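Written below as structure tokens is the structure these notes are about.
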There are 2 protein chains.
Amino acid sequence: MLDLLALLGAPDIQTESESERDVPLRRLPPRTALFHEGAAADAIYVVRAGTFKCCRTDADGGEQVLGFARRGDVLGYAAVGLGRYTSSAFALEAASVGVVPLADLFNRLRSRPALDRALHQALSLQQAGFEELAGVRAAVPAEARLARFLLHWAQRMAMSGHSLRQIKLTVNRRDIGRLLGIAPETVSRAFAALSVRGCIAVKGRMLDMLDTDGLHVIARFRAGNARPAPDRSWATPRSFAGLNA
Amino acid sequence: MLDLLALLGAPDIQTESESERDVPLRRLPPRTALFHEGAAADAIYVVRAGTFKCCRTDADGGEQVLGFARRGDVLGYAAVGLGRYTSSAFALEAASVGVVPLADLFNRLRSRPALDRALHQALSLQQAGFEELAGVRAAVPAEARLARFLLHWAQRMAMSGHSLRQIKLTVNRRDIGRLLGIAPETVSRAFAALSVRGCIAVKGRMLDMLDTDGLHVIARFRAGNARPAPDRSWATPRSFAGLNA
DNA sequence: CGAGCACTTGACGCAGGTCAACTTTGGTGG
DNA sequence: CCACCAAAGTTGACCTGCGTCAAGTGCTCG
């Protein structure tokens with residue numbers, strides 16, 4: 001059993017008895033599915049440990065990676081409205097999740113406002129993360145996408161108390177490529193390019209973040225020519241004549 | 001004032017008095033901002049009419065389009081956890097939204113379970129849509145991305161009771177490009193290509209969906225060569241004069 | 001300890017980004 | 001109502017980043 005409120009990052013309030021806050025735990029071996037795209041949904045999940053890959057089958061039959069989930073992330077929420085999972089979730093390493101059955105989800109939320117609030121907070125933050133992820137797929141050179149991804153990943157690892165310097169990537173090159181929208185060979189070359197610049201050091205899936213500032217510069221590269229984008233925090237060519245502070 | 005439950009697509013239950021279900025309305029002229037990225041958040045919104053463009057400033061200073069919102073969509077939800085908007089929302093045409101102040105959001109949700117439930121349902125569906133949007137940015141040729149986008153858009157229009165055949169795009173080419181991760185010129189060329197194949201007819205922002213099945217075929221094109229991906233019962237590598245010329 | 005998968009590196013061609021010129025649309029004022 | 005202008009869209013030419021194919025090396029796990 002598992003304290004859901006703590007997992008969702010709620011402040012440590014004590015309005016509910018211990019047993020009321022707990023949910024059953026489910027453990028997964030590496031490389032197994034938590035749920036499959038299209039399957040009838042019976043529960044949503046909150047990650048307690050491990051890394052998950054969220055993906056869906058693309059229109060062309062390929063695998064589209066939507067993102068990676070870590071401690072505190074909610075999985076399968078899209079099934080609340082549809083009753084079916086719209087994407088699959090795979091454990092990349094040994095993992096465990098808290099299980100919240102859909103059947104009594106709303107009863108639970110109604111009878112425990114603190115849980116409802118914690119869920120909303122977590123979902124909100126997750127959406128913010130999702131929006132940020134859209135940036136790594138923007139129309140920028142592969143090297144910039146990888147730099148953005150690494151910064152994003154490092155930041156999330158840091159939130160789980162991990163070292164900022166030494167990071168173990170639990171993800172293979174192919175999946176990184178499928179997240180960034182580039183071929184795995186290009187991922188390799190981009191890793192090499194970042195190494196040459198001295199921003200990182202890579203050996204297999206072990207990663208050293210040597211120069212975060214340098215990565216931020218590269219993350220600003222624009223398509224076409226590899227030059228850092230001009231600082232245009234002032235601009236905004238007057239379309240949308242909203243009062244831009 | 002505005003019936004929030006109906007707007008969120010909740011079944012027409014009558015557990016609450018009329019006045020309890022209503023929220024203030026806000027109207028927006030075309031090309032004005034509902035809120036700006038980074039601004040302190042005081043409310044979330046539910047679209048009643050019009051089309052919104054959701055975007056954020058990319059790391060390189062460019063504008064990244066995250067998606068387009070229509071009736072029933074929730075805007076600004078990412079601010080629930082952060083207190084600040086993580087993206088901007090612009091009305092592309094005259095629009096109106098229901099306003100739900102953040103200050104008493106949780107009180108409201110606690111005292112009105114039906115509203116909480118409706119919100120969860122809507123958010124869940126929205127996440128499903130967001131995941132589907134990731135498909136249009138996948139590593140596939142521009143023509144396939146546009147085909148996917150048009151199918152996605154048409155389906156959403158259909159849900160608002162619109163015609164499936166004749167569609168008015170409220171979005172300009174630049175913004176479509178920024179959503180799909182391709183240059184506006186390429187959007188133009190992709191429109192032209194789909195026209196030549198006879199799948200659509202375009203004149204400015206008026207769009208005719210002539211051959212939905214054909215669009216689905218093109219949506220399966222893979223990167224590199226322009227061939228339909230898995231199902232190769234009728235392989236024709238280069239120029240098939242169109243199913244509907 | 002071996003086999004298969006993950007990763008790296010090189011060569012080559014093309015889809016699409018950039019630049020540029022032109023046409024059309026829509027909005028505004030005379 | 002039409003002349004005018006700026007923004008939006010289209011089309012063409014050129015060139016480069018990266019996808020594909022291919023061959024080789026190193027891990028990981030069984």
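It should be emphasised that the depicted structure is a prediction, and the values quoted were computed from it without experimental measurement. Letters go in sequence order (proteins before strands), and every chain restarts at 1.
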Could you tell me whether the side chain of Leu210(B) reaches within less than 4.5 Å of the side chain of Cys199(B), counting heavy atoms only?
no
Atom pairs and distances, side-chain donor-acceptor, residues 71-78 of chain B, under 3.5 Å, sequence neighbours left out:
residue, atom, partner, partner atom, Å
Arg71(B), NE, Arg48(B), O, 3.0
Asp73(B), OD1, Arg156(B), NH2, 3.1
Asp73(B), OD2, Arg70(B), N, 2.7
Asp73(B), OD2, Arg156(B), NH2, 2.9
Tyr77(B), OH, His120(A), O, 3.2
Tyr77(B), OH, His120(A), ND1, 2.7

Applying the Watson-Crick and G-U criteria (both distances under 3.5 angstrom) with [ ] for crossing and | for other-strand pairs, one obtains for DNA chain D ||||||||||||||||||||||||||||||
Is Lys203(A) close enough to dC27(D) that one of its side-chain N or O atoms is under 4.0 Å from OP1 or OP2 there?
yes
Nearest whole angstrom, please: distance from the P of dG17(D) to the CG of Leu146(A).
17 Å
I want to verify a distance call: between dT9(C), dT18(C), dA8(D), whose nearest atom is closest to the Asn172(B) side chain?
dA8(D)
Tell me: CZ of Arg31(A) to C1' of dT28(D), nearest whole Å?
9 Å
Hey, does Leu179(A) have a side-chain heavy atom less than 4.5 Å from the side chain of Arg137(A)?
yes
Between Arg178(A) (CZ) and dG19(D) (P), how many Å, whole number?
13 Å
Length of the line joining Arg189(B):CZ and dT18(C):C1', which is rounded to integer Å:
10 Å
Quick check, are the ring centers of Phe52(B) and Phe68(B) under 6.0 angstrom apart?
no
Rounding to an integer number of Å, can you tell me how far Leu169(A) CG sits from dC27(D) C1'?
15 Å
Run the salt bridge (Lys or Arg N to Asp or Glu O under 4.0 Å) test on Asp175(A) and Lys53(A) for me, step by step, so that the C-alpha distance in whole Å, both residues' side-chain angles and the decisive distance to 0.1 Å come before the verdict.
CA-CA 9 Å; Asp175(A) 286 336; Lys53(A) 172 180 76 167; 3.4 Å; yes
Between Val187(A) and Ala139(A), which is nearer to the 5' end of DNA chain C once each is assigned its nearest nucleotide?
Val187(A)
Less than 4.0 angstrom between a side-chain N/O of Thr186(A) and OP1 or OP2 of dC18(D), yes or no?
no
Distance, rounded to the nearest Å, where Arg173(B) contributes CZ and dT24(C) contributes C1'
12 Å
From the options Arg189(B), Arg197(B), Arg222(B), select the one residue that forms a salt bridge (charged side-chain N to carboxylate O under 4.0 Å, His left out) with Glu143(B).
Arg197(B)
In whole angstrom, what separates Glu185(A)'s CD from dT8(C)'s P?
11 Å
Respond yes when some side-chain nitrogen or oxygen of Arg205(A) is under 4.0 Å from OP1 or OP2 of dC7(C), and no when none is.
yes
Taking atom C1' of dC18(D) as reference, at what distance in whole Å does atom CD1 of Ile182(B) sit?
16 Å
Should the ring pair Tyr85(B) and Phe35(B) be called parallel, tilted or perpendicular, given that the plane angle runs from 0 to 90° and is split at 30 and 60?
parallel
Using a heavy-atom cut-off of under 4.0 Å over every strand shown, decide if Arg174(A) touches base, sugar-phosphate, or nothing.
sugar-phosphate
